[in-house]
Structures are given as C-alpha cells and as structure tokens.
There are 2 protein chains.
Amino acid sequence: MPERIIKAFKNAEIEKISHLDYFNIAVSVDCVILGYEDKQLKVLLIKSDLEEFSGLNSLLGDLVRPDEDLDEASYRILRERTGLNDVYLEQVQTFGRLDRHPSGRVVTTAYFSLLDLHHHQLRLSHNDLHWHPVHKIGKLAFDHKDILDSCLHRLRQQVLERPLIFSLLPEKFSLRQLQEVYESILGTELDRRNFRKKVSLKDWLVDLGEMETDVPHRPGKLYKLNPTLKKRLRARLRVS
Amino acid sequence: MPERIIKAFKNAEIEKISHLDYFNIAVSVDCVILGYEDKQLKVLLIKSDLEEFSGLNSLLGDLVRPDEDLDEASYRILRERTGLNDVYLEQVQTFGRLDRHPSGRVVTTAYFSLLDLHHHQLRLSHNDLHWHPVHKIGKLAFDHKDILDSCLHRLRQQVLERPLIFSLLPEKFSLRQLQEVYESILGTELDRRNFRKKVSLKDWLVDLGEMETDVPHRPGKLYKLNPTLKKRLRARLRVS
DNA sequence: TACAAATATGTACTTGAAACACATTAACCG
DNA sequence: CGGTTAATGTGTTTCAAGTACATATTTGTA
C-alpha cells in the first residue's frame with residue numbers, strides 16, 4: 001500500500017529518499033477542551049507521562065487510527081476523556097514542526113471544543129485530568145502552548161459572530177452569566193446595557209419566563225439558546 | 001522510531017491495532033495557488049496522472065518529506081511549480097477523510113497562496129500546468145474541489161481585513177485595478193467612491209505620483225503597497 | 001424599614017457603512 | 001480642432017450600528 005501512494009505522487013526527487021521514510025510520520029489530533037467555572041475559562045489538561053516533559057501538563061491527544069477520520073479521532077478523544085457526546089468541535093490548525101515530539105515525527109491537528117463543565121454526564125477518565133484557568137497557564141509539554149494559543153485566538157474571532165459560547169453554559173442561564181463568559185473569553189469588560197441590546201438583536205435567546213434562584217441579590221430572568229441554533233450546533237459535529 | 005512514538009501515546013486500546021498500521025498514513029500538502037488575470041481569479045491546476053481521475057485536474061501537492069516542516073513543504077511545492085520565492089502562503093485546513101485518496105490513506109493540509117500571474121520570474125514547471133478561472137471549475141480530482149472552496153472561503157474572510165490582495169497585483173497598480181480584484185474575489189460589485197474612501201482610510205497605499213499609461217481612457221494615479229506592510233507579508237512566510 | 005446591589009430599560013452621541021452627484025481629465029472621432 | 005465619451009477624482013446626505021451614559025425597579029440584608 002505505501003508504495004502505491006508514493007507512486008501516485010511521482011516526483012523527480014523521490015529516489016533520493018527511502019520509500020519507508022515517508023511513512024515515518026505519525027498523525028495525531030490534540031483537543032483543546034474548554035469549560036467555564038468561577039468566572040474563568042478553563043482548559044482540560046493531563047500530566048504528561050513523557051520523561052522529557054516531566055512535571056508539565058499537556059493537551060489531550062492521541063494518534064489517529066488507520067480506520068478513522070480526523071474529526072472522528074478528535075471526537076473519540078473527547079468522548080473517552082469526558083464521556084460527553086454532543087459537544088461543539090472545530091478544527092483549527094495543523095502543527096508539523098520537525099522537533100515538536102521528542103520520540104519522532106508527529107504531525108498533529110488541533111481541535112477546540114466547548115462544554116459545560118458542570119454537565120451531569122461529565123466523567124473525567126483519569127485522576128491526572130484537571131481543569132486549569134487558561135490565563136494562568138505557563139509552559140505546556142510539546143508545542144501545546146502554541147496550540148492552545150491558536151485555539152483561543154480562533155475562539156475569540158468566532159465568539160461574537162456565532163453562537164458557540166452557549167456550549168459552555170448550562171441549559172438555563174441569565175444574561176449576567178452570559179456576559180461573564182464573554183468577558184472571560186475576550187478579556188475585556190463589556191457594558192451591560194449595550195451587551196443586552198446586542199444579544200437581543202441576534203435572536204439567539206429564548207426567554208424562559210423563569211427567574212434565577214439562590215442568588216444573593218435580585219434574581220434575573222433565565223434564558224436558553226434558540227432551539228434551532230442548538231440543533232445546528234449539533235449538526236456540525238455528527239461524526240460517528 | 002515508530003515504536004517509540006506509539007509508546008509515547010500509550011492508550012488502552014493500542015494492542016488491538018498493529019503498530020505498523022499507525023504509520024500507514026501518509027502526510028501531504030496541497031497548494032491552492034491563486035492569480036489574477038482578465039478580471040478573473042484563477043487557480044493553478046495540473047492534469048491528474050492517476051487513472052482513477054483521468055481527465056480531471058488537481059491542485060498542486062506532494063508528500064511531506066521526512067525532513068521538512070509542513071510550511072516548508074508547501075513552500076517547496078510553490079517554488080518547484082512556479083519558480084517564485086516571495087509569495088504569501090497561509091495554512092487553511094487539514095483534510096483526512098478515509099477514502100480521499102484512491103491509493104491509500106493520505107492526510108493533506110491545504111495552503112493557499114496569492115501571486116502575480118504576470119510576474120517576470122514566474123516559470124511554470126510543467127506543460128500540463130494551467131490557470132483556470134475559479135468560478136468555472138466543476139469537478140476536480142480527489143476532494144480538491146472541497147479544498148479549493150475552503151481556501152476561497154478563507155480568502156474572502158481575510159481579504160477585507162488584511163492587505164493580502166496586493167500579492168495578486170503587479171508592483172504598481174491603479175485603484176480601478178485594485179477594486180476589480182476585490183470584486184472578482186468577493187463576487188460583488190463595489191461602489192467606486194465608497195471603495196476609494198475605505199482603502200484610503202487604511203493606510204495600505206502609497207501614492208507613486210505616476211499615472212497609468214496605455215489605457216484607452218483617462219489615466220488614473222498609480223499606487224504601490226505600503227513598504228512596511230509588504231515586509232510584514234514577506235516575514236510571515238520566511239521558511240527556508 | 002432603610003440601604004445595598006443587582007436587574008431592566010431607555011436616550012443622546014459618535015462612528016462607520018451605503019446611497020448618491022458632480023466636476024475634471026484624457027482619448028477618440030468626425 | 002472641438003465636441004463627445006468614458007473614465008478619474010472628490011464630495012454630501014442618509015441610515016444603521018456601536019458607544020457612552022442615567023434612572024427606575026426589585027430583591028436580599030442589616
């Protein structure tokens with residue numbers, strides 16, 4: 001099989017390189033899994049078990065299996081690590097630096113996903129899995145800090161245009177909660193009145209006619225995401 | 001070496017799959033090389049030499065070599081195919097469908113680049129290389145139509161925000177030429193007066209104090225890209 | 001029951017985009 | 001050579017969106 005592929009890419013210089021070398025590249029995916037808690041955006045990390053990176057955390061990744069799509073692989077990792085199925089997932093960028101993995105050549109494709117950190121189905125697969133506030137993260141194993149940063153950059157670009165952010169919140173939420181999520185992602189303070197005007201113009205929200213409970217102040221109205229949009233979010237990630 | 005990598009990704013299910021299978025995935029890059037001519041955006045394509053796709057064109061791609069970065073690989077393809085060095089290049093997306101290549105599993109990363117189709121250094125490497133108007137393209141080999149579309153989508157997103165478009169034009173150009181390029185990319189007509197106002201606010205342009213020649217009407221002023229921005233464009237793609 | 005703190009809604013101002021008009025210049029042609 | 005044509009080059013007006021800002025209302029708490 002490998003020979004067939006190399007033949008398909010017939011290239012003048014091909015004889016200079018051993019055929020097998022072309023298949024010394026491994027393909028992996030890495031997931032930047034983001035949640036929201038205590039007014040902070042958090043990312044799910046695991047302690048690296050490579051001695052080269054002892055003491056450092058890394059993103060959740062795995063080799064892509066011979067029989068699975070890239071999207072499927074990232075979806076599988078998410079499922080294995082969190083137990084969650086209906087999660088927003090988006091490919092961001094592929095990283096292929098020669099020395100990015102100490103054990104050999106690994107090209108990795110980064111995905112980010114957003115989920116409700118307090119979802120009742122959330123079951124972390126491993127004791128060494130923990131949520132870390134993204135703005136407190138220093139070094140990570142491999143080039144994972146770069147990967148994280150590129151995903152956060154993409155998230156910030158998209159978050160005002162598309163209704164992604166609701167995956168971070170529980171089913172019902174108040175406008176204050178929603179605003180706080182935006183503020184933690186964008187790293188800026190927003191004017192409450194203008195914010196409310198902006199989201200109300202977008203027809204993203206449905207007023208539930210209910211109020212917050214157990215808050216130490218005047219309760220606000222509760223909203224949920226417009227069901228049509230919710231379906232559309234799910235549709236994007238139907239993989240397996 | 002492969003064994004070391006697989007060990008590094010220790011996974012519960014790893015034993016189910018033959019170790020070597022993980023390295024049956026080839027990694028390639030495909031370049032969507034865009035130029036501008038006759039008021040049309042054009043893409044450089046080559047006749048596919050696979051019998052499965054006989055009669056169809058394909059993008060320019062190649063396997064990533066064991067000793068080169070993804071960016072380097074796309075840069076090399078560009079150089080080999082066009083003879084050009086200083087070209088804008090941007091990674092867009094990675095495609096990994098299982099059946100996307102008839103000869104086996106190939107994961108490919110798509111790049112797009114913009115260049116001046118009439119550049120004096122441009123030397124196409126091959127007789128079967130031709131420029132095709134993007135809006136007239138039907139089928140392509142592999143999933144290359146999807147790749148082309150995703151690159152065009154990205155280009156349309158970026159073109160109003162960042163000064164990419166100038167790579168498509170010669171050193172000196174008139175505002176009319178610039179507007180025509182925008183219109184062909186965005187697929188819309190723009191108001192001349194509003195367009196001029198918009199670009200003049202962006203400090204992208206330098207007035208050369210020269211005029212068009214050999215035009216069958218009143219000549220317009222000639223401009224060039226602000227040299228600072230030009231340097232910055234080049235800096236993004238310094239690879240080898 | 002007064003106060004603190006958050007919700008809820010509205011208005012004036014500023015900026016940017018969209019629609020539109022007119023004077024100017026050079027090529028072309030009778 | 002002068003009138004016509006077809007571009008260039010610079011406005012202005014209008015409208016929508018964004019930003020800054022104020023006040024009344026509701027609930028929890030001391």
Side-chain angles (χ1 to χ4, degrees), chain A residues 36 38-39 156-163 165-166 169-170 172-226, chain B residues 36 38-39 156-163 165-166 169-170 172-226:
Chain A
Y36 178 78
D38 301 333
K39 310 197 178 185
R156 288 189 191 106
Q157 279 187 331
Q158 304 250 345
V159 88
L160 289 170
E161 314 299 328
R162 293 166 44 195
I165 208 170
F166 303 94
L169 287 167
K172 303 175 179 185
F173 51 86
S174 69
L175 289 179
R176 177 182 33 77
Q177 287 178 290
L178 185 62
Q179 182 177 347
E180 284 169 354
V181 181
Y182 272 100
E183 289 179 335
S184 73
I185 289 178
L186 297 172
T188 58
E189 299 215 336
L190 302 172
D191 182 88
R192 191 166 40 87
R193 296 155 288 189
N194 294 333
F195 175 78
R196 291 164 108 92
K197 201 188 304 169
K198 195 163 179 176
V199 295
S200 69
L201 286 174
K202 281 196 196 269
D203 96 332
W204 285 356
L205 300 184
V206 176
D207 187 337
L208 285 167
E210 299 174 49
M211 302 300 264
E212 283 182 302
T213 52
D214 303 320
V215 284
H217 52 71
R218 172 180 174 185
K221 287 189 195 174
L222 288 177
Y223 295 82
K224 67 171 183 178
L225 176 59
N226 178 337
Chain B
Y36 176 78
D38 300 334
K39 311 200 176 181
R156 290 190 189 106
Q157 279 187 331
Q158 303 249 343
V159 89
L160 288 170
E161 314 298 328
R162 293 167 43 197
I165 206 169
F166 303 95
L169 287 167
K172 304 175 178 182
F173 51 85
S174 68
L175 289 179
R176 176 182 35 79
Q177 287 178 291
L178 185 62
Q179 182 179 343
E180 284 170 355
V181 181
Y182 272 99
E183 290 179 334
S184 72
I185 290 179
L186 297 173
T188 58
E189 298 216 336
L190 302 172
D191 181 88
R192 190 169 44 90
R193 295 153 290 189
N194 293 333
F195 175 77
R196 290 163 109 93
K197 202 186 301 168
K198 196 165 181 177
V199 294
S200 70
L201 287 173
K202 283 198 194 268
D203 98 331
W204 285 356
L205 300 184
V206 177
D207 187 336
L208 285 167
E210 299 174 51
M211 303 301 262
E212 284 182 300
T213 51
D214 302 321
V215 284
H217 51 73
R218 173 179 173 186
K221 286 189 195 174
L222 287 176
Y223 295 82
K224 65 171 184 178
L225 176 60
N226 178 337

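Letters A, B, ... mirror the listed sequences (proteins, then strands); counts begin at 1. As a basis for the values below, the full set of heavy atoms in this structure was taken, side chains included, without hydrogen atoms, waters or symmetry mates. Note that the coordinates shown come from a computational prediction; the quantities given were computed from them, not determined experimentally.
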Whole-Å gap separating [atom2] ([N]) and [atom1] ([X]):
X: R176(A); N: dA5(C); atom1: CZ; atom2: C1'; value: 11 Å
X: L201(B); N: dA18(C); atom1: CG; atom2: P; value: 13 Å
X: E210(B); N: dT8(D); atom1: CD; atom2: C1'; value: 17 Å
X: M211(B); N: dA27(C); atom1: CE; atom2: C1'; value: 13 Å
X: K221(A); N: dT27(D); atom1: NZ; atom2: C1'; value: 16 Å
X: Q179(B); N: dA7(D); atom1: CD; atom2: P; value: 12 Å
X: L178(B); N: dT8(D); atom1: CG; atom2: P; value: 12 Å
X: E212(A); N: dT7(C); atom1: CD; atom2: C1'; value: 9 Å

Any donor-acceptor pair under 3.5 Å joining the side chain of [X] to the base of [N]?
X: R192(A); N: dA8(C); result: yes
X: R193(B); N: dA19(C); result: no
X: R218(B); N: dT8(D); result: yes

Would you find more than 12 non-hydrogen atoms of other residues, nucleotides or ligands less than 6.0 Å from K39(B) atom NZ?
->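 No, NZ of K39(B) has 12 or fewer neighbouring heavy atoms, counting only those of other groups under 6.0 Å.
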Check every atom of dA6(C), dT10(D), dG18(D) against the side chain of R196(B) and return the nucleotide holding the closest atom.
->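 Closest nucleotide to the R196(B) side chain: dT10(D).
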Looking only at non-hydrogen atoms, find the nearest pair between L186(B) and R156(B) and report the distance.
->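 Heavy-atom minimum between the residues: CD2-O, 4.1 Å.
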Where E212(B) and P219(B) come nearest, the two heavy atoms and their spacing =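 Between these two residues, the closest heavy atoms are O-CB, 3.2 Å.
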For residues 196-217 of chain B, which residue pairs qualify under ring pair (Phe, Tyr, Trp, His ring centres under 6.0 Å), counting only residues two or more places apart or in two chains?
->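 The answer is F166(B)-W204(B).
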N/O contacts under 3.5 Å, protein versus nucleotides 11-13 of chain C?
from: dT11(C); atom 1: O4; to: K197(A); atom 2: NZ; distance (Å): 3.2

Is it true that a side-chain atom of [X] and a backbone atom of [Y] form a donor plus acceptor pair closer than 3.5 Å?
X: N226(B); Y: D203(B); result: yes
X: E161(A); Y: Q158(A); result: no
X: Q177(A); Y: S174(A); result: yes

Whichever of K198(B) and D191(B) has its nearest DNA chain C nucleotide further upstream toward 5' =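 Checking each residue's closest nucleotide, the 5'-ward one belongs to K198(B).
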